[in-house]
Protein chains: 2
Amino acid sequence: MTYEEFKEKVGSVILTDEGNCPVTPVVQMLQGKWKLQILYELCIKSPMRFGELKKMLKPITNTALTNALKELEADDLIQRIQYNEMPLRVEYSLTLKGQDLLPVFYSIMQWGTKYIP
Amino acid sequence: MTYEEFKEKVGSVILTDEGNCPVTPVVQMLQGKWKLQILYELCIKSPMRFGELKKMLKPITNTALTNALKELEADDLIQRIQYNEMPLRVEYSLTLKGQDLLPVFYSIMQWGTKYIP
DNA sequence: CAGGATCCTGGATGATACTG
DNA sequence: CAGTATCATCCAGGATCCTG
């Protein structure tokens with residue numbers, strides 16, 4: 001997409017939104033040290049258990065993982081299912097809304113592979 | 001793009017990268033309270049002067065704007081040109097690397113308009 | 001096993017005043 | 001006009017210990 005094409009497609013949306021563009025909240029939703037990596041793990045394998053995620057993301061702490069998962073769930077990007085067995089089992093997976101982020105990740109990845117050494 | 005298509009396209013890249021996926025650094029590059037909005041302003045109008053940006057992003061402070069611009073310049077997303085006139089004039093514009101983010105913004109925007117009320 | 005409860009710190013951000 | 005310098009603030013994130 002060229003600069004001019006972008007302005008045609010997107011410019012009016014942004015301009016009429018008076019600073020509240022539809023991009024900012026998305027990036028804010030992905031902010032945080034671990035959220036992206038969690039989403040990635042769930043892209044690769046789903047569902048995953050708490051301990052499984054912790055192992056993949058080590059050296060993450062319990063607190064950090066718990067908080068990130070809560071926020072992702074609050075944004076409806078992931079789903080938490082608890083099985084009341086013994087021992088306790090909890091599984092996390094992407095929601096449809098979360099899976100719809102895949103094209104976004106893909107376009108970011110293309111930019112990244114072009115510009116990041 | 002479906003979940004399975006993504007895994008085919010992207011999965012191997014991520015898996016072989018052992019946690020250092022090419023997406024994380026991009027999002028980190030866009031983190032910060034003002035960076036996205038600055039890039040947006042420069043998408044709409046370019047070049048822009050310091051005071052002009054400050055007016056658009058008000059209530060931003062001098063410090064915040066200066067820092068964000070410096071970081072964006074360090075990442076080679078924007079270009080700073082100083083004209084030693086009186087009064088001083090400085091103009092900011094997107095680099096080619098910065099303009100290449102437009103498809104990314106566009107895909108994020110599509111997701112955002114679908115899911116953000 | 002999967003978290004919860006506390007305490008704490010550093011880096012990001014803001015406020016204010018000043019300058020080439 | 002386009003910043004810099006300095007100080008104050010605030011909260012995401014980490015460390016540690018505890019529990020249904």
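By convention in this document, chain letters (A, B, ...) are assigned in the order of the sequence lines, proteins followed by strands, and residues within each chain are numbered from 1.
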Just how far, in rounded Å, is C1' of D:dT4 from CG of B:Leu65?
13 Å

For A:Lys58, salt bridge (charged side-chain N to carboxylate O under 4.0 Å, His left out) partners two or more places apart
none

Go through the structure and list residues passing side-chain hydrogen bond (donor to acceptor under 3.5 Å, both in side chains) with B:Gln28, not counting sequence neighbours.
none

Can you tell me how far C1' of D:dA2 sits from CZ of B:Phe50, to the nearest Å?
6 Å

Atom pair distance, as rounded to whole Å: CG in A:Leu69 and P in C:dC1
17 Å

Students often get this wrong, so: under 4.0 angstrom with heavy atoms, is A:Tyr92 touching a base, only sugar-phosphate, or nothing?
sugar-phosphate

C:dA2 OP1/OP2 closer than 4.0 Å to side-chain N/O of A:Arg49:
yes

At a cut-off of 3.5 Å, list every protein nitrogen or oxygen paired with a nitrogen or oxygen from nucleotides 5-7 of chain C, distance to 0.1 Å.
| residue | atom | partner | partner atom | Å |
| --- | --- | --- | --- | --- |
| C:dA5 | N6 | A:Thr63 | OG1 | 3.1 |

Going by the rule ring pair (Phe, Tyr, Trp, His ring centres under 6.0 Å), which residues pair with B:Trp34 if we only count those two or more places apart in sequence or in a different chain?
none

A:Leu96 reachable from A:Leu42 in the ILVMFWY side-chain graph, under 4.5 Å edges:
no

Output yes when at least one side-chain N/O atom of A:Lys70 is less than 4.0 Å from OP1 or OP2 of C:dG4, else no.
yes

If the condition is salt bridge (charged side-chain N to carboxylate O under 4.0 Å, His left out), which residues does B:Arg80 pass it with, not counting sequence neighbours?
none

Of the candidate nucleotides D:dG3, C:dG14, C:dG4, which contains the atom at the shortest distance from the side chain of A:Thr66?
C:dG4

Please tabulate the protein-to-nucleotide N/O contacts below 3.5 Å involving nucleotides 9-13 of chain C, giving atom names and distances.
| residue | atom | partner | partner atom | Å |
| --- | --- | --- | --- | --- |
| C:dT13 | OP1 | B:Lys33 | N | 3.4 |

Can a side chain N or O of B:Arg80 be found less than 4.0 Å away from OP1 or OP2 on D:dA2?
no

Contact list for residues 105-117 of chain B, test salt bridge (charged side-chain N to carboxylate O under 4.0 Å, His left out), sequence neighbours left out
A:Asp100-B:Lys114

Over its full length, what angle do the end axes of the helix from C:dC1-D:dG20 to C:dG20-D:dC1 make, each axis taken from five pairs and the result rounded to 10 degrees?
60°

Can you work out whether B:Arg89 or A:Asn62 has the more 5'-proximal nearest nucleotide on DNA chain D?
B:Arg89

Kindly write out the residues that satisfy ring pair (Phe, Tyr, Trp, His ring centres under 6.0 Å) with A:Phe50, not counting sequence neighbours, or none if the list is empty.
none

Taking only Lys NZ, Arg NE, NH1 and NH2, and the carboxylate oxygens of Asp or Glu, determine whether A:Lys54 and A:Glu52 approach each other closer than 4.0 Å.
no

Going by side-chain heavy atoms closer than 4.5 Å, which hydrophobic residues are tied to B:Tyr83, directly or by a chain of links?
B:Ile81

What's the shortest heavy-atom distance between B:Tyr92 and B:Ser46, and which atoms?
O-OG, 4.3 Å

Grab the CD-C1' distance between A:Glu85 and D:dG20 for me, whole Å please.
16 Å

Counting side-chain heavy atoms from C-beta on, which of D:dG3, D:dG14, C:dC1 comes nearest to A:Pro87?
C:dC1

Would you kindly give the NZ-to-C1' distance between A:Lys55 and C:dG3, to the nearest whole Å?
17 Å

Between C:dG20 atom P and B:Met86 atom CE, what is the distance in whole Å?
12 Å

Between D:dA2 atom C1' and B:Lys54 atom NZ, what is the distance in whole Å?
9 Å

Sequence neighbours left out, what passes salt bridge (charged side-chain N to carboxylate O under 4.0 Å, His left out) with A:Arg49? Give chain and number order.
none

Show every donor-acceptor pair shorter than 3.5 Å between a side-chain atom in residues 65-76 of chain B and any protein atom, with sequence neighbours excluded, or say none if there are none.
| residue | atom | partner | partner atom | Å |
| --- | --- | --- | --- | --- |
| B:Thr66 | OG1 | B:Asn62 | O | 2.7 |
| B:Asn67 | ND2 | B:Thr63 | O | 3.4 |
| B:Glu71 | OE1 | B:Lys35 | NZ | 2.8 |

Atom CG of A:Leu88 to atom P of C:dG4: distance rounded to whole Å?
11 Å

